[in-house]
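Please read the structure below before turning to the comments.
Along the sequence shown, residues are numbered consecutively beginning with 1. No experiment lies behind these values; they were computed from the predicted model shown.
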Amino acid sequence: MVKTFQAYLPSTNRTYSCVHCRAHLASHDELISKSFQGSQGPAYLFNSVVNVACGQTEERVLLTGLHDVADIYCECCKTPLGWKYEHAFESSQKYKEGKFIIELAHMIKENGWD
């Protein structure tokens with residue numbers, strides 16, 4: 001039996017949602033940085049996300065060095081979104097541990113961005 005679960009962020013918060021199925025992904029309050037690069041272009045770093053599943057952790061060489069990362073997917077439509085930083089080998093990159101990258105190509109802004 002597959003469990004379908006979708007968390008909804010408060011409608012008073014500016015949110016980022018999956019561009020494919022509109023499931024909420026993150027609150028603007030959880031945004032850490034807009035200065036990241038994904039495999040498909042610009043990406044944002046978030047402190048926490050919702051409606052996201054993690055794949056297997058693997059070592060990957062990224063622009064800032066070697067990291068243990070897990071790809072993340074939309075829990076609702078299974079679209080690949082980005083990755084989660086599990087471990088950073090460089091001391092200057094430790095702040096990323098436990099944080100999430102979502103590529104702009106896979107999310108849209110909703111609720112109060114006017």
Side-chain angles (χ1 to χ4, degrees):
M1 181 71 134
V2 175
K3 177 184 172 190
T4 302
F5 178 78
Q6 186 172 5
Y8 294 93
L9 297 169
S11 60
T12 55
N13 289 7
R14 293 187 295 172
T15 59
Y16 297 92
S17 299
C18 176
V19 72
H20 306 286
C21 71
R22 304 297 276 265
H24 290 175
L25 298 174
S27 168
H28 183 67
D29 296 339
E30 296 297 318
L31 179 65
I32 297 170
S33 176
K34 296 180 178 182
S35 301
F36 281 78
Q37 190 68 27
S39 60
Q40 297 182 357
Y44 289 178
L45 179 69
F46 291 94
N47 190 50
S48 67
V49 295
V50 297
N51 299 318
V52 166
C54 287
Q56 294 287 346
T57 300
E58 63 182 39
E59 282 189 1
R60 200 176 291 167
V61 178
L62 302 173
L63 293 174
T64 55
L66 183 63
H67 299 271
D68 283 341
V69 299
D71 287 333
I72 60 172
Y73 306 87
C74 177
E75 189 83 83
C76 301
C77 69
K78 310 304 182 215
T79 298
L81 300 170
W83 61 88
K84 178 182 181 183
Y85 287 102
E86 298 287 358
H87 176 72
F89 292 91
E90 302 278 335
S91 60
S92 66
Q93 301 301 308
K94 292 285 188 188
Y95 75 96
K96 296 177 184 174
E97 291 180 347
K99 309 296 189 284
F100 300 84
I101 290 287
I102 300 179
E103 297 182 358
L104 262 58
H106 302 297
M107 64 181 174
I108 58 171
K109 295 175 178 180
E110 293 190 311
N111 296 339
W113 288 92
D114 298 333

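Inter-residue side-chain proximity for L62 and V69 is flagged as met; some heavy-atom pair is nearer than 4.5 Å. For the pair K84 and V52, the minimum side-chain heavy-atom distance is 4.5 Å or more. Within the 4.5 Å cutoff, no side-chain heavy atoms of C76 are placed close to those of C18. Proximity of T15 to H28: side-chain heavy atoms (C-beta onward) are nowhere separated by under 4.5 Å.
In this structure, Y95 OH and Y85 OH are separated by 7.0 Å, a value rounded to the nearest 0.5 Å. To the nearest 0.5 Å, atoms CE (M107) and CZ (R22) are separated by 14.0 Å.
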Practice item. Test F36 against K96 for side-chain contact (heavy atoms from CB on, under 4.5 Å), laying out the working first. Key: CA-CA 11 Å; F36 281 78; K96 296 177 184 174; 3.7 Å; yes
Exercise for review: Report the C-alpha separation of Y44 and I32 in whole Å, then their side-chain angles, then the decisive distance to 0.1 Å, and conclude whether the side-chain contact (heavy atoms from CB on, under 4.5 Å) test is met.
Suggested key: CA-CA 8 Å; Y44 289 178; I32 297 170; over 6 Å; no
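Placement of I101 and L104 in two distinct hydrophobic clusters is found when ILVMFWY residues are connected by side-chain heavy-atom separations under 4.5 Å, directly or transitively.
Residues S39 and E103 bring a donor and an acceptor atom of their side chains to less than 3.5 Å of each other.
Closest heavy-atom contact between A26 and V49: CB-CG1, 4.2 Å. Nearest heavy atoms, Q40 versus A105: OE1-CB, 4.0 Å. Shown here for K78 and Y73, the closest heavy-atom pair between the two residues is O-CD2, 3.9 Å. The shortest heavy-atom contact between G38 and A43 is N-CB, 3.9 Å. Considering every non-hydrogen atom in both A7 and N51, the closest pair reads N-OD1, 2.6 Å.
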